[in-house]
Amino acid sequence: MKRRWPARYRWTYAGLLAACLVVAVLASWTPFAAPIDYYAYDLIYRTFPPQDWTPSSAVLAIDEATFNTSGGVRNLRGIVADSLDVLRPAQTKAVAIDVLLPDASDPAIDSRLAASIANAGNVALSAQLTNGEWENPLPLFANNAKAVGHVHPEENHIDGVGRRIPLEFSAARERHWALMLEAFRLGLPGAVPIVESVEDVHIGGTVIPAPRDGQGRLMWIRHRPSGIPTVSLAELRKDASKLALFHDKTVFIGVTALAGRRDQVLSPVTGDYVSGVVIHAQAFETVVQKRFLTNASNLTVIFVCLLGVAMMGVAFLLLRGSLALTVAGILILGSHFVPVLFFRNDIVFPFSAVFGSSLLAAGVSACYQYFVIRKRMQTTEDEKERYQQAIQWVAHEMRSPLTAIQGSSEMMGRYALSEERRKQMASMINAESKRMARMIQTFLDVERLSEGQMEMKRERFSAPDVVRLCVERAAPLAERKNITMHPGEFPACEILGDRELMEYAVYNLLTNAVKYSPAETHVFITAEVRGANLRIAVADQGIGMDKNEVKNIFRKFYRTEKAQKSGEAGTGIGLSIVEQIVAHHGGKIEVVSTPGKGSVFTIVTPVAPVGATTPPVAAQRA
Ligand code: ADP
């Protein structure tokens, strides 16, 4: 069974995933994400084109041929007047003129155009902001028209593709509705006003969902797949039957010839340049068809991305290796379809947010999983090594009692010993085997202590008794090297904790003092109560250590070079255990040492307060 991640890792993981979500969503709101979102939008748009519908509009184009046959760009107003006149029999619903008429020209032509506008009925003229000032139609024209609408493209247009159109445009304390919106209004029966709310724009029975957004209420244009029927004035003159195309339609008159074209926009459907007038007509079709696309709300975006990130997170939490990566791949692939799904429901969803968040979450999850697994492998390795070393230590420590037992038992079996000698040996075997049993118990206890599995005993015991016992036990070792032990006067005081473990600690300091001292030296053992602490000090006249060595001696398996050369060094685990034991009693160890002169190891541990029954704080951790 797979081990679950530790809680600490799971929280960090959740935090990282949350960060992925925030970064991806915030990034999707920056201008850097816009090209990606637009590209995805265009692709979806082309993949899922709307069904064609009968158009309600037509474009009367002023193309190259028209210019060639009607006096060129200089006669633009005359051509517009001609167009209006030619259209009159077609009984159009409304006419939108996408030609700016801001200043006076030849009075004869101007008054002719004014008359044509007046005769055409429902005419909407164009206005545009240029250099901070509105280029409105001359009053001569405006007074004869029914409305004036703006012909601005979307501002901050990054790639020139006509995806959206601002429904309103306000600047220089003047506001205009879009030309196509005015044309739509004029085409409806009765004088319908445009009514607006924060969220949408109402015209007659049509509600356009275009919230006020500081960008002029942008509306997504649903381009008619087969385009807008377009006939040029030149063609119309040649073939009068084409006039039927404009019957009962809203007609957009504008320049399509490259020479006189004021604006050109890329069609998201074909990718070709089309003139602005076609885009206005397409936007008009969107309104007539009521096929509006709305933007997914921020809340929806965050929720969907959260879902994706959460799924990715769970995948890496539960699965490993290639399986996790496969699921991640499927989720990333799936994220591509989220905008498609929304688009099919007339909602524009930012691709960058959902794709970015799932990609980021996959990357972070994979890295984090790798990190956690590595870390866990490292811990397992460490544990294994620690355990092996600990076993080595036990084996090493057991060697001397075992040798004693072996030797004594062999002697007892081989020689006829006196009763007294036999008893002496039997009691020695007994004592040594008990020592071994104690050692095994201590080892197991320390192992469990360091794993945090064992409750340390909470008993009151006499500190001087422990020290005295340890001195007695270490005496034979000292004698062998002719080292004199000098136990001082021990004040009567009690410690709260585990007597056996404390014995182990003091005994270890004493045997070290003997081990790392030359023969014929002295070891001083003192104990004093200072404040709330008992200080048990063991001072030797041994090989000593430099500062760097002192820093390391509590590390497991560390042994100084001098100690190793002396041939006395053990496994280097004893002091690390001593430190743990003292720490579990709420105390610490101080070491002062001079190379070649000797060392002083001091156990500083709290004295049990009178009547106390609970151990010091640190001991409760055990
Ligand atoms: P061991 O004695 O089994 O090697 P310890 O953990 O008890 O392991 O001690 C670690 C090392 O610290 C010793 O190997 C020795 O180098 C050094 N050391 C410990 N006590 C003394 C001492 N009293 N004087 C000099 N060096 C000491």
Side-chain angles (χ1 to χ4, degrees), residues 385-403 435-436 438-440 442-443 445-447 449-450 467 470-471 473-475 477-478 480-487 501-526 535-584 588-604:
E385 196 183 329
R386 194 177 61 83
Y387 196 74
Q388 275 175 353
Q389 303 270 17
I391 293 281
Q392 275 177 23
W393 170 75
V394 177
H396 175 267
E397 293 292 300
M398 277 196 200
R399 223 178 285 151
S400 42
L402 265 179
T403 317
R435 190 152 85 88
M436 249 166 60
R438 254 204 323 273
M439 201 184 290
I440 290 172
T442 307
F443 164 70
D445 287 353
V446 168
E447 269 302 294
L449 255 186
S450 55
V467 180
C470 291
V471 172
R473 219 186 276 158
L477 280 178
R480 228 179 281 160
K481 285 179 84 175
N482 232 347
I483 290 174
T484 322
M485 301 237 268
H486 301 274
L501 292 180
M502 194 46 96
E503 264 178 35
Y504 176 89
V506 175
Y507 181 72
N508 205 286
L509 294 190
L510 286 172
T511 51
N512 274 355
V514 172
K515 274 197 305 186
Y516 303 117
S517 295
E520 314 282 337
T521 53
H522 300 266
V523 173
F524 300 89
I525 306 107
T526 57
R535 300 173 64 89
I536 304 168
V538 178
D540 62 46
Q541 298 171 332
I543 54 175
M545 294 164 283
D546 61 29
K547 273 196 185 127
N548 197 33
E549 289 169 332
V550 170
K551 250 191 247 163
N552 287 304
I553 47 170
F554 294 105
R555 274 177 39 207
K556 271 181 191 152
F557 316 118
Y558 176 83
R559 298 171 312 174
T560 64
E561 256 178 48
K562 265 179 277 159
Q564 290 185 65
K565 273 190 203 146
S566 74
E568 296 271 15
T571 50
I573 202 172
L575 281 181
S576 75
I577 295 173
V578 170
E579 195 192 31
Q580 276 184 50
I581 293 173
V582 176
H584 276 104
K588 60 174 183 177
I589 298 194
E590 290 172 1
V591 187
V592 181
S593 188
T594 317
K597 292 231 165 111
S599 318
V600 183
F601 281 75
T602 311
I603 294 177
V604 184

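Quick caveat: nothing in here was measured; it's all calculated off a predicted structure. Both counts, for ligands and for their atoms, begin at 1 and track the order of listing.
By the 4.0 Å heavy-atom criterion, Phe601 is counted among the residues contacting ligand 1. The shortest heavy-atom distance from Ser599 to ligand 1 is under 4.0 Å. Using a non-hydrogen distance threshold of 4.0 Å, Lys515 registers as a contact of ligand 1.
Residue-ligand proximity, Ile553 to ligand 1, at heavy-atom distances under 4.0 Å covers atoms 12 (O), 17 (C). Of all the atoms in ligand 1, the ones that sit under 4.0 Å from a non-hydrogen atom of Gly574 are 5 (P), 6 (O), 7 (O), 8 (O). Counting atoms of ligand 1 from 1 in the listed order, those under 4.0 Å from a heavy atom of Arg559 are 4 (O), 14 (O), 16 (O).
Of the inter-residue distances, the one linking Arg473 atom CZ with Thr511 atom OG1 reads 10.5 Å to the nearest 0.5 angstrom. In this structure, Thr560 OG1 and Ile543 CD1 are separated by 5.0 Å, a value rounded to the nearest 0.5 Å. Atom CG of Asn512 sits about 5.0 Å away from atom CG of Asn508, to the nearest 0.5 Å.
Proximity of Val578 to ligand 1, defined as any heavy-atom pair under 4.0 Å, is not found for any part of the residue. Proximity of Gln564 to ligand 1, defined as any heavy-atom pair under 4.0 Å, is not found for any part of the residue. Here Asn508 has side-chain heavy atoms under 4.0 Å from ligand 1, and that is the only part of it that gets that close.
Under the 30°/60° scheme for interplanar angles, the aromatic rings of Phe601 and Phe554 are found to stand perpendicular.
With contacts defined as side-chain heavy-atom distances shorter than 4.5 Å, the pair Ile603/Val506 qualifies. Using a 4.5 Å cut-off on side-chain heavy atoms (C-beta onward), Pro595 and Glu549 make no contact. Taking 4.5 Å as the limit, some side-chain heavy atom of Ile553 sits within range of a side-chain heavy atom of Met545.
The shortest N/O to N/O separation between Ser576 and ligand 1 does not fall below 3.5 Å.
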